[in-house]
Amino acid sequence: MPELPEVETVRRGLAELVAPNDFIKTVRVHRRDLRFPVPFRFEQSLAGQKIVGFRRRAKYLLWELDRGVFLSHLGMTGTWRRNPSNSKLHDHLELQLGSGDRFVYNDPRRFGFVDYLEKPDWEDSKWFRHLGPEPIDRSRFTGDHLYQRSRGKSTSLKAFLMDQRNVVGVGNIYASEALFLAGLRPTRKAGRLTKAQALSLVEEVHAVIQKAIEAGGTTLKDFRQAGGETGYFQQQLHVYGREGEACGVCAVAIENVTITGRSSFFCPNCQS
DNA sequence: ATCGCCTCCTGCGCGC
DNA sequence: TGCGCGCAGGAGGCGA
């Protein structure tokens, strides 16, 4: 479900919904078998800790606590909601805060997971070790970086963009969108990228991620912000989910090819 | 090392 | 209406 803009939207929502100096009173785990088991003594680790703030790295949502970091990956269908009116199937975690607010993690497919990382060296955790630059970090995510990373790669551009070692946060929607904006076919080999094309791709990845964050993410069916609102970026999608529709630029029909098992949308006229 | 296929899991929409 | 099939926003693991 969530790519970087959706996780960032959830992060911002949580930051607004949780008052400064609030703390985690109790933690209830209804199912421990998420993608990875909920860690041993997870509840005790979190309980009693003050919530310092909310961060994000790649698609990881991070609750910064006074003694450590509560890491939450939303997988495909994970959501955090404040005070949902009635309990639902697939509510796996519940955090009761000192303020009385209740935050509930719901995840039907259970591809998401949680972890608890102790300070001070939580940033060295295995979850972050292999990650590339943030797409909105202009100083690290550069044309030169992407160009160098792509040398010798025979994989498709689309798979290359979705590989979190090259750039983080780009998933199936935004990979198709950025490639459309850059005029590059998703099937093209990464190693054949020219320096100018690498630069263009960096610009378009940056732009699409930035605009999607501003729109509150993309709601295809079940993505929700922490307060329950939908995102709006789906209205700005050029190719994702538009197979057979006329390209907004040239009116040629959008096509859909499968690349490493994922639907990949492109305009056969605008992209080469 | 690199690449692509498979897998985890549930729900939904479609065609018959 | 009901059923089976394919597909869905992620990404680790494995075999080639």
Side-chain angles (χ1 to χ4, degrees), chain A residues 1-11 30-38 56-61 71-80 88-92 105-115 125-132 135 148-179 186-192 205 208-209 212-213 215-225 230-237 239-244 256-265:
Chain A
M1 167 223 266
E3 303 183 35
L4 187 154
E6 291 72 40
V7 179
E8 177 63 18
T9 297
V10 172
R11 185 196 72 76
H30 303 296
R31 276 196 83 139
R32 304 198 85 84
D33 56 338
L34 305 184
R35 173 158 196 191
F36 306 112
V38 174
R56 179 193 54 74
R57 172 74 171 111
K59 299 173 190 171
Y60 297 98
L61 175 66
L71 173 148
S72 163
H73 191 292
L74 306 177
M76 293 271 254
T77 52
T79 54
W80 278 100
K88 289 195 309 180
L89 195 60
H90 310 306
D91 283 349
H92 306 311
Y105 179 68
N106 184 281
D107 186 0
R109 291 175 78 179
R110 283 184 282 126
F111 284 180
F113 60 92
V114 294
D115 199 7
S125 136
K126 61 177 176 180
W127 305 114
F128 309 130
R129 212 162 288 155
H130 64 286
L131 296 178
Q148 294 305 333
R149 289 287 310 180
S150 67
R151 294 308 84 190
K153 296 280 199 298
S154 65
T155 192
S156 68
L157 263 187
K158 170 127 181 304
F160 175 74
L161 272 189
M162 290 176 66
D163 185 332
Q164 305 295 299
R165 291 170 296 187
N166 300 322
V167 56
V168 301
V170 179
N172 209 35
I173 298 177
Y174 301 113
S176 278
E177 291 299 308
L179 287 165
T187 46
R188 182 195 273 259
K189 297 250 170 285
R192 307 252 313 267
V205 167
V208 76
I209 294 289
I213 290 172
T218 298
T219 296
L220 292 183
K221 71 193 259 262
D222 50 10
F223 170 67
R224 289 294 183 278
Q225 306 184 19
T230 63
Y232 292 96
F233 195 73
Q234 61 276 14
Q235 296 167 11
Q236 296 179 57
L237 296 177
V239 290
Y240 186 87
R242 298 191 179 282
E243 180 181 7
N256 176 6
V257 285
T258 299
I259 299 173
T260 58
R262 317 293 298 278
S263 288
S264 311
F265 301 88

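Lettering of chains follows the sequences in order, A, B, ..., and the numbering in each one begins at 1.
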Where do Tyr174(A) and Thr218(A) land on the side chain to side chain donor-acceptor pair (under 3.5 Å) test, with the steps shown first?
-> CA-CA 10 Å; Tyr174(A) 301 113; Thr218(A) 298; 2.7 Å; yes

Excluding sequence neighbours, so at least two apart, what forms salt bridge (charged side-chain N to carboxylate O under 4.0 Å, His left out) with Arg109(A)?
-> none

Looking only at atom types and distance, does a side-chain atom of Ser176(A) sit under 3.5 Å from a main-chain N or O of Phe265(A), one as donor and one as acceptor?
-> yes

Within the structure shown, what part of the strands sits under 4.0 Å from Phe160(A) by heavy-atom distance: base, sugar-phosphate, or nothing?
-> nothing

Write down the distance separating the C1' atoms in dG9(C) and dC3(B), rounded off to the nearest Å.
-> 23 Å

Starting at atom CG of Leu4(A), determine the distance to atom P of dA11(C), rounded to an integer number of angstrom.
-> 10 Å

Between Leu61(A) (CG) and dG10(C) (P), how many Å, whole number?
-> 16 Å

Please report, rounded to the nearest Å, how far the C1' atom of dA1(B) is from the CG atom of Asn166(A).
-> 14 Å

Worked check of side chain to side chain contact (heavy atoms under 4.5 Å, CB included) between Lys158(A) and Arg262(A) | CA-CA 10 Å; Lys158(A) 170 127 181 304; Arg262(A) 317 293 298 278; 3.9 Å; yes

Here DNA chain C, pairs taken as Watson-Crick or G-U under 3.5 Å and shown with ( ), [ ] when crossing and | when to another strand, reads .|||||||.|||||||

Rounded to whole Å, CG of Leu74(A) lies from C1' of dA11(C) at a distance of 14 Å

Integer angstrom distance from the P of dA1(B) to that of dA11(C) | 23 Å

Given the P atoms of dC5(B) and dC7(C), what is the spacing between them in whole Å?
-> 14 Å

Quickly work out the Trp127(A) CH2 to dG10(C) P distance and round it to whole Å.
-> 17 Å

Value for OH (Tyr240(A)) from CD1 (Ile173(A)), rounded to nearest 0.5 Å, stands at 5.0 Å

Return no unless some side-chain N or O of Arg262(A) is found under 4.0 Å from OP1 or OP2 of dA11(C).
-> no

What closest approach, in Å, do Ser72(A) and Trp80(A) show between heavy atoms, and which atom pair accounts for it?
-> OG-NE1, 3.0 Å

Can you check side chain to side chain contact (heavy atoms under 4.5 Å, CB included) on His73(A) and Leu61(A), steps first, answer last?
-> CA-CA 6 Å; His73(A) 191 292; Leu61(A) 175 66; over 6 Å; no

One should read off an interatomic distance between Gln225(A) CD and Thr79(A) OG1, to the nearest 0.5 angstrom, of 12.5 Å

Residue mapping more 5' on DNA chain C - nearest nucleotide basis, Lys59(A) or Asn256(A) | Asn256(A)

Could you state the atom-to-atom distance from CD of Glu3(A) to P of dA8(C) in whole Å?
-> 13 Å

Gln225(A) atom CD is separated from dG9(C) atom C1', nearest whole Å, by 15 Å

Rounded to whole Å, CG of Leu157(A) lies from C1' of dT2(B) at a distance of 16 Å

List the protein contact pattern of nucleotides 3-11 of chain B with one symbol per nucleotide (5' to 3'): B for base contact, S for sugar-phosphate-only contact, - for none; contact means a heavy-atom distance under 4.0 Å.
-> SSS--BBBS

Between atom OG1 of Thr77(A) and atom CG of Asp107(A), what is the distance when rounded to the nearest 0.5 Å?
-> 4.0 Å

